[in-house]
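In what follows, a single structure is set out as structure tokens and then discussed.
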Amino acid sequence: MPKWTNNFTFLAAAIGSAVGISNIWKFTYVAGAHGGGAFVLVYVLALLAIALPALIAELTIGRHGGRSVVGTLETMAHQGEVHRHWRLFGLVCMIGVFLAMSFYAVIAGWTIDYFTLGVSGRFDDLTAEASPRLFAAMTGDPVRMAGFMALFIALTATIVALGLKRGVERFLAVMTPGLFVILGLLLVYAIATTDFLAGAAFLFAPDFAKLTPSIVLMAVGQSFFSLGVGLGVILTIGAYTQREVNLARSATVIALADGGVALVAGLAIFPIVLHYGLSPAQGPGLLFETLPIAFAEMPMGRIIGPAFFLLMALAALTSTVTILESVVANFEDRSRWRRGPATWSLALALAVMGLATVLSFNRWQDARPLGFLPVFAERNVFEILDYVVSNIIMPGGGICVAIIAGWLMHRSVTLGQTGLGDGILYRLWRFSVRYLVPFAIGAVLVLNL
């Protein structure tokens, strides 16, 4: 397989993959709805103790195998490291990635839609009563949603079709730093124009009375899932990595960048929300229904509003480029398809699959296709897809990664790949991957089920 040109492009790809809508959208509304500081403290601890070791483990598996997720497991099976049935884990990863991107592209399309709304001045004089109607007008129009979804998938496919060097690397080398620049500008604006200390206190002053076992597990799950471990995307990124790269050091940078984006996003968003008397516990509507109201009232809102949704769109695009790359890599690895036809065929299939999510917000909103199963009785198509990927495939994949790296790969292999050295750091990592990661993810899995 081809390799990343240098460590910078590897880090740009891995950080771009990890930093997505989940870091900005889901983290802020989940933290806001569950007490702020206490949730954030558990999130940071879990990021370092559980998510980081799992990230190192998946990168290690990828570089050791040197192929796509299915190809890596087949190679390891041929070498006698894992049973041949482990290739099924790779196939499930590919199914999970495909399903995840099909609905992720729809949400990403919202960010482009709202960027155009902001540029055209639709946030001007927006009221608390009008904002939900603006959002409902978008989700109620399947043609409009499908159009922006298709645009987003086309952007992703164009970059991936150009290849690892000319497309993926060049895009991520520019856009990943650009994402941080836009986020930094929003933070500076929040510091200069709002009651920043109130927002920072909400985010960092823990109220331990609000901590419950379910909230602790929710924070653990957020730290783990935001890195994207368990779907084979990180494994593919690891397969492209040069041998001289220290995986443990690089994974630490990736995890800190991932968590840093979430925290900086909170520091940029919560001061604005609190300053304009809005609720930080608004839930999923925080970014698409609550923040546009603040953009309507604030100075320079005509600029800040579009800039924020541009940030969201870039965060989504840096993730989907690496997600689609992992699927295309499997096609290239296991067939005679050339990259261009493989990429555009997958893009078309994603767009068709994405229509199920589009219709779940309007025409099929009340459809319950698996209503005969208790766990899916109240879920439409989009909610079923989200549930299966987020609550079954990803945590199951994370446990599989921990088992492979912690129990099946020989100690000498992981010792040589991780770059931790034969000391206390390696022993801590091995203990975490063998025991802490499976236990924590298993607990999240059971809670979600």
Is there side-chain contact between Thr193 and Met300, with heavy atoms separated by less than 4.5 Å?
-> no

Test item: Ser390 side-chain N/O and Tyr387 main-chain N/O as donor-acceptor pair under 3.5 Å = no

When rounded to the nearest 0.5 angstrom, what is the spacing between CG in Leu151 and CD1 in Ile112?
-> 4.5 Å

Donor-acceptor pair, side chain of His34 and main chain of Val30, under 3.5 angstrom = yes

Side-chain contact, heavy-atom cut-off 4.5 Å: Leu317 with Phe171?
-> yes

Show your working on side chain to side chain contact (heavy atoms under 4.5 Å, CB included) between Thr357 and Ile107 and close with a plain yes or no.
-> CA-CA 9 Å; Thr357 295; Ile107 309 302; 5.5 Å; no

If you measure from CG on Leu324 to OG on Ser319, what distance do you get to the nearest 0.5 Å?
-> 12.5 Å

Strictly under 6.0 Å, is that where the ring centroids of Trp110 and Phe115 end up?
-> no

Please assess Asp333 against Val70 for the test side chain to side chain contact (heavy atoms under 4.5 Å, CB included), listing each intermediate value before the final yes or no.
-> CA-CA 9 Å; Asp333 196 20; Val70 178; over 6 Å; no

Within 6.0 Å of CD in Glu244, more than 12 heavy atoms from elsewhere = yes

Donor-acceptor contact below 3.5 Å, side chain Thr72 vs main chain Val69 = no

Is there a donor-acceptor contact under 3.5 Å from the side chain of Arg63 to the main chain of Gln417?
-> yes

If we ignore angles and hydrogens, is there a donor and acceptor under 3.5 Å between the side chains of Thr75 and Arg67?
-> yes

Fit a plane to each ring of Phe39 and Phe27, take the angle between them on a 0 to 90° scale, and name the class: parallel (under 30°), tilted (30 to 60°) or perpendicular (over 60°).
-> tilted

Whether Ser102 side chain and Gly354 backbone form a donor-acceptor pair below 3.5 Å = no

is_close_aromatic(Phe308, Tyr114), centroid dist under 6.0 Å | no

When every non-hydrogen atom of Gly259 is compared with those of Leu47, the smallest separation belongs to CA-CD2, 3.8 Å

If we ignore angles and hydrogens, is there a donor and acceptor under 3.5 Å between the side chains of Thr156 and Thr320?
-> yes

Does the ring center of Tyr240 lie less than 6.0 Å from the ring center of Phe10?
-> no

Got a second to check how far Met298's CE is from Ile293's CD1, nearest 0.5 Å?
-> 11.5 Å

Angle class for the Phe103/Phe382 ring planes (parallel below 30°, perpendicular above 60°, tilted otherwise)?
-> perpendicular

Between the side chain of Asp386 and the main-chain N/O of Val389, is any donor-acceptor distance below 3.5 Å?
-> no

Report the distance from atom CZ of Phe98 to atom SG of Cys93, rounding to the nearest 0.5 Å.
-> 15.5 Å

For Ser226 and Asp258, the nearest pair of non-hydrogen atoms, with its separation, is OG-OD2, 2.8 Å

Indicate yes or no: at least one non-hydrogen side-chain atom of Trp407 is less than 4.5 angstrom from one of Val433.
-> no

Return yes if some donor-acceptor pair links the side-chain N/O of Asn246 with the main-chain N/O of Gly419 below 3.5 Å, else return no.
-> yes

Would you check if there is a donor-acceptor pair between the side chains of Thr5 and Lys165 at a distance under 3.5 Å?
-> yes

How far apart are the closest heavy atoms of Thr343 and Ala157, and which atoms are they?
-> CG2-O, 3.5 Å

Approximate separation, where rounding is to 0.5 Å, of Leu350 CG and Leu99 CG | 9.5 Å

Flag the pair Met175 / Val321 as yes when at least one side-chain heavy-atom distance between them is below 4.5 Å, and no otherwise.
-> no

Under 3.5 Å donor-acceptor, Arg430 side chain and Leu415 backbone = no

Quick one: do the Ser17 and Thr322 side chains pair a donor with an acceptor below 3.5 Å?
-> yes

Nearest heavy-atom approach of Arg379 to Val375 is NE-O, 2.9 Å

May I ask you to decide if Leu235's main-chain N or O and Glu58's side chain share a donor-acceptor pair within less than 3.5 Å?
-> yes

Heavy-atom side-chain contact between Leu55 and Ile254 under 4.5 Å | yes

Do Leu408 and Glu81 come within less than 4.5 Å of each other through their side chains, counting heavy atoms only?
-> no

With side chain to side chain contact (heavy atoms under 4.5 Å, CB included) as the test, would you mind laying out the steps for Leu310 and Ile182 before giving the verdict?
-> CA-CA 8 Å; Leu310 177 61; Ile182 296 174; 4.0 Å; yes

Determine whether Leu164 and Trp4 make a side-chain contact, defined as any pair of heavy atoms from C-beta on separated by less than 4.5 Å.
-> yes

Minimum heavy-atom distance between Leu59 and Ala251, given as atom pair plus value | CD1-CB, 4.0 Å

Working to the nearest 0.5 Å, report the span between NZ of Lys3 and CD of Gln242.
-> 7.0 Å

With no hydrogens and no angle check, is any side-chain donor or acceptor of Asn330 less than 3.5 Å from a backbone partner on Ser68?
-> no

Given Trp86 and Ile403, is the side chain to side chain contact (heavy atoms under 4.5 Å, CB included) satisfied, shown in steps?
-> CA-CA 11 Å; Trp86 273 97; Ile403 292 172; 4.1 Å; yes

Taking all atoms of both residues into account, what is the closest heavy-atom pair of Gly96 and Ile393, and its distance?
-> CA-CD1, 3.8 Å

Ring centres under 6.0 angstrom apart (Phe288, Phe309) | yes

Min side-chain heavy-atom separation Leu172-Thr9 under 4.5 Å | no

Answer with yes or no whether the side chains of Tyr426 and Thr414 bring together a donor and an acceptor at under 3.5 Å.
-> yes

